[in-house]
Protein chains: 2
Amino acid sequence: MPAPSEKPPEKTPEKKPSRIQIRNRKKIIDAALDVFSQHGFRGATLDQIAEAAGMSKPNLIYYFDGKEAIHVALLNALMTEWLDPLRELDAEGDPLEEILGYVRRKMEMSRQFPRESRLFAIEIIQGAPRMLPHLESDLKPLFDEKCALIAGWMNAGKLAPQDPQQLVMSIWALTQHFADFDTQVRVLVPDETAGWKAANAHVETIFRAILTPKG
Amino acid sequence: MPAPSEKPPEKTPEKKPSRIQIRNRKKIIDAALDVFSQHGFRGATLDQIAEAAGMSKPNLIYYFDGKEAIHVALLNALMTEWLDPLRELDAEGDPLEEILGYVRRKMEMSRQFPRESRLFAIEIIQGAPRMLPHLESDLKPLFDEKCALIAGWMNAGKLAPQDPQQLVMSIWALTQHFADFDTQVRVLVPDETAGWKAANAHVETIFRAILTPKG
DNA sequence: TCGTGGCTTTACCAAATGGTAAAAAACACG
DNA sequence: CGTGTTTTTTACCATTTGGTAAAGCCACGA
């Protein structure tokens, strides 16, 4: 029988990545974000990603196992930070300001990271074939936890009572709209700067209106 | 020189389509709706569409000039009816009820035609490469007209004053969310029937809250 | 019954695409 | 330096994909 594990408990024999590896992996992920967020998984090609990353196609495969691996790595890296604004929802803070703060953070993310927003949108619209596990394991628990928190605030009379799940999804719908449907928004409201200002104000108005408890 | 047009003024020599043509074109468009709404333009294949339509690939090409032509035909056919709910917004009706009626119609469309909603969403998210002209020529004028109508209502004190453009886009964002992000919604709110009921109620609450003029 | 014209299938094809093999180049380091 | 390792390139390959050519099928009127 084989020697009973004398080595230190190294599960996967992965060495720590070199500087070049780190740099090139980043370049690939960024290029993949460009391409996948514009064409979806099936519509994206390795050649496009390779060109956007400024390297050859076989070189991509050297760093990632294949197209699918790149996509998965991208989604994994993204899922964590994408949920951060929701995680920050603080049970100790002022309820109304906490939620308005969350709304502002999401609007800010939509403006600063539209590619990420679109990548998620496309993945979900297409049935989340590569992200369903993440939705179940990462998003769902956080969603339930924060919904319970909000429900508590409502029961305490700090917020107008309503369905917390619908409230949170409404926040997502409104804040992501401006990143995902940017093309349409630009046609209808050509002045981009004014558009964002108006959007921020309008969204804030909405949630202030439906959350302020009736005195 | 060629005979100076004696025939009746027929621009394109298209005969009226036969029954078979009508039936098969419909089958193709419906199949294409399935495939394009799930994979986007680049990600969809003619083979997929052909199989979904129950006919051979060359047969598709017999009815449409190619992949792009199918997609364009699909978008054209859709654009018209998709804007109908907004067209019905009636200047003569009660302002609040008119807008709430519009919201209800859009929610109903999201539930009944999720494929259509997703097709549009994907097209827009990907930069509307084949729909920008329609947005400019069809959507924009209608949008401007209805925004002016709503602004008039606000000036007359019938609705709480706010940015009409942002209002309309908020309606779109909220109503489409439940069709486009259906996969996510299902994970977070497993009971579909209850989800739709709650969504309808919540969306109605939102717009009633921000539109009711302070009296 | 025989055409005739609209419809469908079979057999292809060239380009694109995901991926591989192996040599060449660049690098790390004693 | 020289040598072993990491990184990159070149040359391919099998499959998929959008599309074509041409023959076959089928209903229907003369």
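Just so it is clear: chains get the letters A, B, ... in the order the sequence lines come, proteins before strands, and each one is counted from 1.
- For A/K67 and D/dT15, the NZ to P distance is 18 Å, given to the nearest whole Å.
- Regarding A/M55, its CE atom lies at a distance of 9 Å from the P atom of D/dT9, rounded to whole Å.
- Counting to the nearest Å, the C1' atom of D/dT8 and the CD1 atom of A/I28 are 12 Å from each other.
- B/H71 and B/F41 have tilted rings, their planes meeting at an angle from 30° to 60° on a 0 to 90° scale.
- One interatomic measurement links the two molecules: CD of B/Q48 to P of D/dT17, which rounds to 7 Å at whole-angstrom precision.
- The side chain of B/R42 contributes an N or O atom lying less than 4.0 Å from OP1 or OP2 of C/dT17.
- When each of B/Q166, B/Q162, B/Q165 is tested with A/H202 by the rule side chain to side chain donor-acceptor pair (under 3.5 Å), just one qualifies, namely B/Q162.
- Across C/dG18, C/dT8, D/dG19, the shortest atom-to-atom separation from the side chain of B/N59 is found for C/dT8.
- If B/R23 and B/K57 are placed on DNA chain C by their nearest nucleotide, the residue sitting closer to the 5' end is B/R23.
- When the P atom of D/dG18 is taken as reference, atom CD1 of B/I49 falls 8 Å away, rounded to whole Å.
- The phosphate of C/dT8 has neither OP1 nor OP2 within less than 4.0 Å of any side-chain N or O from B/Y62.
- Here A/A69 lies out of heavy-atom contact (under 4.0 Å) with every strand.
- For the salt bridge (Lys or Arg N to Asp or Glu O under 4.0 Å) test with A/E108, the passing option among A/R104, A/R105, A/K106, A/R111 is A/R111; the others fail.
- Ring to ring, A/W172 and A/F120 are not that close: their centroids are 6.0 angstrom or more apart.
- No contact: A/A50 has no heavy atom under 4.0 Å from any strand.
- When side chains are defined from C-beta on, A/W153 does not count as touching A/P164, because their heavy atoms never get closer than 4.5 Å.
- Here the side chain of B/P58 is nearest to one of C/dT10, D/dT8, D/dT17, namely C/dT10.
- Taking only side-chain atoms of A/I61, from C-beta outward, the nucleotide of C/dC7, D/dG19, C/dT20 with the closest atom is C/dT20.
- Per the geometry, CD belonging to A/E51 stands 14 Å off P belonging to C/dG18, to the nearest Å.
- Taking side-chain N and O atoms only, B/Q21 has a distance below 4.0 Å to OP1 or OP2 of C/dC7.
- Contact annotation for A/F64: no contact, since no heavy-atom pair falls under 4.0 Å across all strands.
- Distances shorter than 4.0 Å separate some side-chain N or O of B/S56 from OP1 or OP2 on C/dT9.
- Here B/N24 reaches the OP1 or OP2 of C/dT8: one of its side-chain N or O atoms lies under 4.0 Å away.
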